[in-house]
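Encoded as structure tokens, the structure appears first; notes follow it.
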Amino acid sequence: MIEARTVVETVARGDLDELIRLVDGICSARDWEALVLLRDRCRLAVEERGLQLWPAAEFAEYRLALEAPGEYVGEVVVEGSGRFTLGPLWEVAASTHDWTELADHLAPGPMRAMAAHERVMRGEDLTDDGSVDARVLDLPFRLEPWEPVYPPAVYRSDTADFPTPVVPRLSEFPDVPAGPVIDDVETVEALTDLGRVWTDQSNGATAAVAVEGDARGAIAALHDGPVLGAPVDGATGLAIMAWAGASGGAYGRRRGNPAGRFAAWWAATALAGLEWPPDPTALGEAVAELDWVVWEPQDLAAGWRCFLAVGDPLDGLAWAVAAEDSYREGDDPLAGDADD
């Protein structure tokens with residue numbers, strides 16, 4: 001166990017590196033009361049003495065969400081917490097705790113609902129749990145049979161990985177004429193929203209278009225130049241959209257996988273021409289009937305990307321989205337919300 005005096009004296013010295021090492025030691029000892037004390041004393045030092053110890057307080061909260069038992073998790077998974085951690089604390093907590101460990105300790109409200117949806121994306125069926133506010137995301141509390149296995153976020157003590165969906169090898173597409181652009185504001189907005197954080201909070205850009213024709217015609221209408229591409233199934237297309245919708249890109253605040261799933265369902269509903277909220281079975285059938293293509297410009301630089309085209313062969317319509325983000329030149333590539 002870590003003595004309270006050790007925590008108090010370390011905070012009083014105001015050495016941030018020493019505090020981070022102490023957090024590591026406390027977690028190794030699994031002395032969660034000491035970690036709560038460290039968090040509280042660091043917050044107090046900021047408020048009363050102006051010491052810039054908030055990174056240590058945030059790190060302590062992150063480690064509580066990641067490693068501590070549910071009763072301690074409930075103290076930190078609240079509105080306003082984890083603003084500068086590797087990801088939202090409800091996603092951090094739900095990445096290492098199943099719902100039975102969390103359910104009795106998370107307060108009613110959006111954070112509880114988001115943690116529940118994260119557990120759903122990791123395979124739990126919470127359909128019969130009436131304690132979660134279904135209005136927060138308006139999504140099923142189980143994965144539908146036609147949905148993909150969404151790549152889960154992996155949180156560690158000081159790093160995180162956000163794996164991208166697996167796609168086929170891309171090959172060069174032959175040049176095709178651009179399809180005539182049509183006015184489809186709702187679907188274009190749903191597609192551009194996938195990269196909204198990249199454009200609003202980071203260094204990225206997002207564009208989308210709707211055309212008469214097929215997916216390749218939509219790509220040509222959006223990008224003038226050679227492209228690489230490959231057809232994929234609807235589940236892969238949904239996974240790509242969900243990954244983009246969850247990510248913060250280079251500098252933005254990560255929204256989390258449940259927010260990504262919502263963005264993917266919203267876009268897929270618009271593509272299918274259905275009303276929200278859609279019947280899950282009807283949406284699955286529509287997703288399977290669409291033609292999905294993953295693509296990218298031949299000269300695309302490294303970074304975050306979501307290049308997708310979708311064709312509706314029945315109605316002769318198609319859409320394409322191009323979203324990308326990257327670090328500014330000279331910035332540390334290991335900083336920020338690094339998605340692999």
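Values below: every heavy atom of this structure, side chains too, minus hydrogens, waters and symmetry copies.
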Next on the checklist: With clusters defined by side-chain heavy atoms of hydrophobic residues (ILVMFWY) lying less than 4.5 Å apart, directly or transitively, does Trp295 cluster with Leu228?
Outcome noted: no
Next on the checklist: Would you say Phe59 ends up clustered with Val78 if hydrophobic residues are merged whenever their side chains have heavy atoms under 4.5 Å apart, either directly or through other cluster members?
Outcome noted: no
Next on the checklist: Does the structure place the NZ or CZ of Arg328 under 6.0 Å from the centre of the six-membered ring of Tyr251, at an angle of no more than 45° from the ring's axis?
Outcome noted: yes
Next on the checklist: Per the side chain to side chain donor-acceptor pair (under 3.5 Å) rule, what does the pair list look like for residues 68-87, sequence neighbours excluded?
Outcome noted: Glu33-Tyr72
Does the distance from a Lys or Arg side-chain N to an Asp or Glu carboxylate O, for [X] and [Y], drop under 4.0 Å?
X      : Y      : result
Arg216 : Asp214 : no
Asp24  : Arg21  : no
Glu147 : Arg261 : yes
Glu324 : Arg305 : no
Asp98  : Arg122 : no

Item to check | Test side-chain contact (heavy atoms from CB on, under 4.5 Å) applied to Phe307 and Val294, Leu300, Val227, the passing residue | outcome: Leu300
Next on the checklist: Val321 and side-chain contact (heavy atoms from CB on, under 4.5 Å): which single residue from Ile240, Asp193, Ile219, Leu191 fits?
Outcome noted: Leu191
Shortest non-hydrogen contact from [X] to [Y]?
X      : Y      : answer
Ala153 : Phe162 : CB-CD2, 3.5 Å
Thr96  : Leu66  : OG1-O, 2.6 Å
Ala215 : Val293 : CB-CG2, 4.0 Å
Ala115 : Ala94  : O-CB, 3.7 Å

Checklist entry - Of all residues at least two apart in sequence or in a different chain, which pass the ring pair (Phe, Tyr, Trp, His ring centres under 6.0 Å) check with Phe262? => result Trp266, Trp276
Item to check | Member of Tyr150, Phe141, Trp265 meeting the ring pair (Phe, Tyr, Trp, His ring centres under 6.0 Å) criterion with His117 | outcome: Phe141
Have [X] and [Y] got a donor and an acceptor in their side chains that come within less than 3.5 Å?
X      : Y      : result
Trp54  : Gln52  : yes
Ser131 : Arg112 : yes
Trp292 : Asp233 : no

Item to check | Ser157/Arg63 under side chain to side chain contact (heavy atoms under 4.5 Å, CB included): CA gap, chis, key distance, verdict | outcome: CA-CA 7 Å; Ser157 61; Arg63 297 293 292 274; 3.6 Å; yes
Checklist entry - So Glu47 and Arg43, salt bridge (charged side-chain N to carboxylate O under 4.0 Å, His left out) or not? Walk me through it. => result CA-CA 6 Å; Glu47 295 171 4; Arg43 295 287 190 207; over 6 Å; no
Item to check | Tyr62 and Phe84: CA distance, side-chain angles, deciding distance, side chain to side chain contact (heavy atoms under 4.5 Å, CB included) verdict | outcome: CA-CA 9 Å; Tyr62 173 79; Phe84 301 101; over 6 Å; no
Next on the checklist: Is there a salt bridge (charged side-chain N to carboxylate O under 4.0 Å, His left out) between Asp15 and Arg13? Walk through the geometry before answering.
Outcome noted: CA-CA 6 Å; Asp15 186 323; Arg13 286 193 289 272; over 6 Å; no
Checklist entry - Between Val310 and Asp291, is a side chain to side chain contact (heavy atoms under 4.5 Å, CB included) present by the stated rule, with each step listed? => result CA-CA 5 Å; Val310 186; Asp291 295 329; over 6 Å; no
Could you pull out every donor-acceptor pair under 3.5 Å between side chains of residues 86-93 and any protein atom, sequence neighbours left out?
from, atom 1, to, atom 2, distance (Å)
Glu91, OE1, Tyr155, OH, 2.5
Glu91, OE1, Arg254, NE, 2.8
Glu91, OE2, Arg254, NH2, 3.2
Glu91, OE2, Asn257, N, 2.9

